[in-house]
Colleague: 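Handing you a structure now.
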Amino acid sequence: MQQYNRAFIYFICLVSAMGGLLFGYDWVVIGGAKPFYELFFGISESPVMQGIAMSTALVGCLVGAMVAGALADRYGRKPLLITAAVLFTVSAIATGAFSDFTLFNIARFIGGVGIGVASALSPMYIAEISPSEIRGRLVSLNQMTIVLGILAAQIVNWQLAEPIPAGFTNGDILASWNGQMGWRWMFWAETLPAACFLVLAFFIPESPRWQGSLPQPLREEGSRKAFATLFRIGGEAYAECELAAIEASVSSEQQNQGGLRELFTHRYAAVLVLGVVVAVFQQWCGTNVIFNYAQEIFQSAGYSVGDVLFNIVITGVANVVFTIVALYTVDRLGRRSLMLFGAAGLGLIYLTLGTCYYLHVTGFFMVVLVVAAIAVYAMTLGPVTWVLLSEIFPNRVRGVAMATCTFALWTGCCTLTFSFPSLNASLGSSGTFWIYSAICICGFLFFLRRCPETNGKSLEQLEQELTSKN
């Protein structure tokens, strides 16, 4: 049985996955700061300005995802991870420091670009560095750090926000520590992990699959460095076998890395459609709405407004616990079965949730349904989406393909976020969740027909299988 240098493997994968930790923290922290910075900037009565503040980072995500792939294919994975760490650090410091609303949004945009880059690069890098037998578990570490980042932001928000006495007016809140400094420290708390990521990113190697696929005359030097990294991972025999597979996947006429033009050719059409559908479905399955809707559901269960931040922490804990379950199942049960289970499970839960809203059911059972939806998502669609996206594309176009799918994912997130209020207003909560249930059923049927099993196969073997069909 092949022996691996697991300490080295886990070190480089955990460092890369810190991009996911910062992604999760930066994405969620603004929710806890929202009631306070809105009063500080005087936008509490302006829905348009509130929307701008909440969506600026999302625009940055789209930009970051759009440029990450081409830059990673040209300059390598490691420089882009370092760039993401710089962006997170700058954004964390600047967002809390600025007292001007425009500068605040610029800082949030910078952080969003970091999210876009990290969300595309971290799982891809981990997949390229990992042995095939444990690749699913290692890529799932990225999702694990995302949910830990989400939980960390929820806990920081909960702990930093001082209790608001009953009867406090908006003016009282604005004059309080929460309104003047508390929301700033929520953003500043990200600086420590961002700085750690920045320092540690210099100590991880470049992806051997990127190095082994370099065009001439750089390929000989790239192959030498790739061999050195692979040797540290699994020894001489493993390094020789893996490097031979990498070089065999690079045909003699491939002198440059593939770009968008090549990605959109017939050769990659089927796998690109699969990747885009998987990415968009992770958002359109509706779980992010569940997170955003948790406050109302907990209130309907009889919890007071003052307990909302604590109750949202409970959903974060459930998210972490069931992501841990995914770490132990993704390489045992396989990607395809987990995607099918996730789509079917969420479809059933949303059908039940919509029916309960239609029948005006309230109380603890609604909380159970919310936690069940988070649990199903956390151990299936959440992590497995990133695993699949990092596996199914050939070395030659993996960077730009991953960026394209990540861009599609954030576009799906954007459309989900902006469509929910309109759907909820026109169809009610019951109709909205029934729509999400129908989307999940459609996703189940698509995965049943088109989703391959990638478990236990090398990236080069998957390349041959998935592109030869075209």
Colleague: Do you know the tightest heavy-atom contact between Cys356 and Phe365?
Modeller: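 Looks like SG-CE2, 3.6 Å.
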Colleague: Within 45 degrees of the ring normal and closer than 6.0 Å to the centroid, is that where the cationic atom of Arg184 sits relative to Phe40?
Modeller: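 Here Arg184 passes the 6.0 Å and 45° test against Phe40.
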Colleague: Would you mind reporting whether Leu21 and Ile146 have side-chain heavy atoms less than 4.5 Å apart?
Modeller: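 When only atoms from C-beta onward are counted, Leu21 and Ile146 do not touch, as no gap falls below 4.5 Å.
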Colleague: Mind running side-chain contact (heavy atoms from CB on, under 4.5 Å) on Cys285 and Tyr436 for me, showing each step along the way?
Modeller: CA-CA 6 Å; Cys285 72; Tyr436 295 149; over 6 Å; no
Colleague: Are more than 12 heavy atoms from other residues, nucleotides or ligands located less than 6.0 Å from atom CH2 of Trp188?
Modeller: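 Atom CH2 in Trp188 is packed in, count exceeds 12.
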Colleague: Just by modelled atom types, is the Leu87 backbone N or O under 3.5 Å from a matching donor or acceptor in the Ser91 side chain?
Modeller: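 No, Ser91 side chain to Leu87 backbone: no donor-acceptor pair under 3.5 Å.
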Colleague: Inspect the surroundings of CZ in Phe341 and state if more than 12 heavy atoms from other residues, nucleotides or ligands are less than 6.0 Å away.
Modeller: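 Atom CZ in Phe341 is not crowded, with 12 or fewer foreign heavy atoms closer than 6.0 Å.
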Colleague: Quick check: are there more than 12 heavy atoms from other residues, nucleotides or ligands sitting under 6.0 Å from CZ of Phe11?
Modeller: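 Yes, the 6.0 Å shell around CZ holds more than 12 heavy atoms from other groups.
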Colleague: For residues Arg108 and Ser55, is any side-chain donor paired with an opposing acceptor at under 3.5 Å?
Modeller: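 No.
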Colleague: Measure the spacing between CZ of Phe8 and OG1 of Thr229 and express it to the nearest 0.5 Å.
Modeller: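 These two atoms lie 6.0 Å from each other.
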Colleague: Say you draw a straight line from CD1 of Ile115 to CZ of Phe23; how long is it, rounded to the nearest 0.5 Å?
Modeller: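 The CD1 atom of Ile115 sits 6.5 Å away from the CZ atom of Phe23.
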Colleague: Salt bridge check: are Glu391 and Lys457 linked by an N-O gap of less than 4.0 Å?
Modeller: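 Looking at Glu391 and Lys457, the cut-off is not met.
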Colleague: Pick one: which of Arg135, Arg398, Lys78 meets salt bridge (Lys or Arg N to Asp or Glu O under 4.0 Å) with Glu128?
Modeller: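 With Glu128 as partner, salt bridge (Lys or Arg N to Asp or Glu O under 4.0 Å) holds for just one option, Arg398.
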Colleague: Looking at the rings of Tyr37 and Phe101, which for Trp means the six-membered one, are their centres under 6.0 Å apart?
Modeller: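 Judged by ring-centre distance (under 6.0 Å), Tyr37 and Phe101 do not meet the cut-off.
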Colleague: Evaluate Phe281 against Phe447 for ring pair (Phe, Tyr, Trp, His ring centres under 6.0 Å), listing each step before the verdict.
Modeller: CA-CA 11 Å; Phe281 180 73; Phe447 296 141; 5.3 Å; yes
Colleague: Search all heavy atoms of Gly412 against all heavy atoms of Gln283 and return the closest pair with its distance.
Modeller: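 Answer, listing the atom of Gly412 first, then Gln283: C-CB, 3.8 Å.
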Colleague: For the pair Arg6 and Ile134, evaluate side-chain contact (heavy atoms from CB on, under 4.5 Å) and give the outcome as yes or no after the intermediate values.
Modeller: CA-CA 10 Å; Arg6 291 180 179 264; Ile134 55 176; 3.9 Å; yes
Colleague: To the nearest 0.5 Å, how far apart are CD1 in Ile30 and CG in Asn157?
Modeller: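 Ile30 CD1 to Asn157 CG: 10.5 Å, rounded to 0.5 Å.
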Colleague: Apply ring pair (Phe, Tyr, Trp, His ring centres under 6.0 Å) to the pair Trp183 and Phe41, showing each step before the final yes or no.
Modeller: CA-CA 12 Å; Trp183 64 271; Phe41 290 118; 5.6 Å; yes
Colleague: Once you round to the nearest 0.5 Å, how far does CG of Asn105 lie from OG1 of Thr56?
Modeller: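 One finds 3.5 Å between CG of Asn105 and OG1 of Thr56.
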Colleague: Above 12 or not: heavy atoms from other molecules or residues under 6.0 Å from CH2 of Trp410?
Modeller: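 More than 12 within 6.0 Å, yes.
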Colleague: Return the CD1 to CG distance between Ile110 and Asp26, rounded to the nearest 0.5 Å.
Modeller: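 One finds 11.0 Å between CD1 of Ile110 and CG of Asp26.
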Colleague: With distance as the sole test, does Gln143 use its side chain to make a donor-acceptor pair with the main-chain N or O of Thr323 at under 3.5 Å?
Modeller: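 Side chain of Gln143 to backbone of Thr323, a donor-acceptor pair under 3.5 Å: no, none is there.
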Colleague: Would you tell me whether Asn5 and Arg232 have side-chain atoms, one donor and one acceptor, within less than 3.5 Å of each other?
Modeller: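 Per modelled atom types, Asn5 and Arg232 side chains form no pair under 3.5 Å.
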Colleague: Measure the CG-CG distance between Leu274 and Leu388 for me, rounded to the nearest 0.5 Å.
Modeller: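 So the CG of Leu274 and the CG of Leu388 are separated by 7.0 Å.
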Colleague: Side chain of Ser122, backbone of Ser16: donor and acceptor closer than 3.5 Å?
Modeller: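 Answer holds: yes.
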Colleague: In the structure I gave you, are the side-chain heavy atoms of Ile126 and Asn142 within less than 4.5 Å of one another anywhere?
Modeller: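 When only atoms from C-beta onward are counted, Asn142 and Ile126 do touch, with a gap below 4.5 Å.
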Colleague: Taking all atoms of both residues into account, what is the closest heavy-atom pair of Ile324 and Met144, and its distance?
Modeller: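 Here Ile324 and Met144 meet closest at CG1-CE, 3.4 Å.
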